[in-house]
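Notes follow the structure.
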Amino acid sequence: MTLFLTNTHKNIQKAALILKNGGLIAFGTETVYGLGADATNSNSVQKIYAVKGRPNFNPLIIHFAHLDHVFQYVKKNDLAYKLGKKFWPGPLTLILNQQENSIISSIATAHLSTIAVRIPQNVTAQQLINYSQKPIAAPSANISGRISPVTAHHVYQELNDKIDGILDCGSCEVGVESTILDISQDQPKILRPGGISLEDLTPICGSLNFEESIENKIIAPGQLSSHYAPSLSVRLNCNYLEPDEALLAFGKTSLQAPLTINLSKTANLNEAAHNLFAYLRLLDTEGKKLGLKKIAVMPIPNYGIGHAICDRLQRAAAPRSSSKQ
Ligand code: AMP
Ligand code: MG
């Protein structure tokens, strides 16, 4: 049975003890809910891959509570220190070179010499990591390829009885995953757009390239992999509706489907990111009940956090036969 834990002090300590003893705890961050395990314990990390059905060549992000702790595991990097000071705690993941004597499980890093690290902002998540006294490996707390969870209830619906506990940390403020920035080599590269925008990073990093993420390179060279996928199919940039479609709207519109929900009536991209995954889930379950076959999505501006929203929607709309995460 999976324990459902409200975020009392006692429960956070209980969840931390479960992590310390090798168990799996789902917890909320400002991005999405993560499925956490002690990153130094290979058995625990292996359980994450098994529960999610995640390919074992797709490495995990390792979460810390303090900047000093991060630098116990990675090689000295001045840019990382600068970025960490500015954006942590927050939705930025850095890819860095690992120290040779690092005790992080090589299963968590998929045997790479690099490691993905982040300090989340959610206070309950920070307390959990702190009490566990461990670096915590945590991918999104969903079955691979599905929509990321942004409430404890979403996790419960998908992973009940498969993990040891769910720590309710409230709903995720940002609502889309962290930006992944690779600074392990000379030229920084963005591997995934996310909660920190390109526009936020360039004053510190200079001009930035977008690079295919590891999982795309390995699994589906040259094409977007299916991910964040509802069971209904997804049609992007719609300016008209077909009769069997639910509508995911953005901003003012006269379009009206049998089932319509608006990411942000005032066209606010932060509000849209916050609502994205919860509204996709809602359209999927309610749309199916109404016999609808597709979700039509209105155009979303591709700048700021809109970049991350467009990336997730493109993956949600990608052909289903390819990869998952
Ligand atoms: P998720 O766990 O769903 O938030 O996704 C984490 C992402 O981080 C995946 O796309 C991984 O491929 C990527 N990642 C983790 N570690 C590394 C690494 N060492 N180098 C490059 N990408 C990484
Ligand atoms: Mg994920």
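Both ligands and their constituent atoms are indexed starting at 1 by order of listing.
- If you number the atoms of ligand 1 from 1 as listed, the ones under 4.0 Å from a heavy atom of T114 come out as 18 (C), 19 (N), 20 (N).
- The heavy atom nearest to atom 23 (C) of ligand 1, out of those in I62, I95, N97, is found in I95.
- Contacts with ligand 1 closer than 4.0 Å are made by side-chain heavy atoms of I61 only, the backbone lying farther away.
- Counting the atoms of ligand 1 from 1 in the order shown, those under 4.0 Å from a heavy atom of A116 are 15 (C), 16 (N), 17 (C).
- Ion pairing of E242 with K293 is absent here, as no side-chain N (NZ or NE/NH1/NH2) approaches a carboxylate O to less than 4.0 Å.
- Because its NZ or CZ atom is not both nearer than 6.0 Å to the ring centre of F277 and within 45° of the ring axis, R315 does not count as a cation-pi partner of that residue.
- The N/O atoms of H227, backbone and side chain alike, include none that comes under 3.5 Å of an N/O atom in ligand 1.
- Rounded to the nearest 0.5 Å, atoms CD1 (I119) and OG1 (T29) are 13.0 Å apart.
- Considering only heavy atoms from C-beta on, I166 stays 4.5 Å or farther from L5 through its side chain.
- Using a 4.0 Å cut-off to heavy atoms of P139, the atoms of ligand 1 that qualify are 2 (O).
- With a heavy-atom cut-off of 4.0 Å, L191 touches ligand 1 through its side chain alone.
- At a heavy-atom cutoff of 4.0 Å, ligand 1 is contacted by no atom of K52, backbone or side chain.
- Rounded to the nearest 0.5 angstrom, F27 CZ and L35 CG are separated by 8.5 Å.
- Counting all heavy atoms, side chain and backbone alike, G90 lies closest to R118 at O-NH1, 2.8 Å.
- Contacts with ligand 1 closer than 4.0 Å are made by side-chain heavy atoms of N58 only, the backbone lying farther away.
- Contacts with ligand 1 closer than 4.0 Å are made by side-chain heavy atoms of I180 only, the backbone lying farther away.
- Taking the six-membered ring where tryptophan is involved, the planes of H153 and Y156 are essentially parallel, since the angle between them stays under 30° and well short of 60°.
- The L112 neighbourhood of ligand 1 comprises atoms 18 (C), 19 (N), with distances under 4.0 Å to a heavy atom of that residue.
- Summarising the geometry, atom CG belonging to N142 is positioned 4.0 Å from atom NZ belonging to K52; distances are rounded to the nearest 0.5 Å.
- Put simply, N142 stays out of reach of the Mg ion (ligand 2), with no N, O or S atom under 2.8 Å from it.
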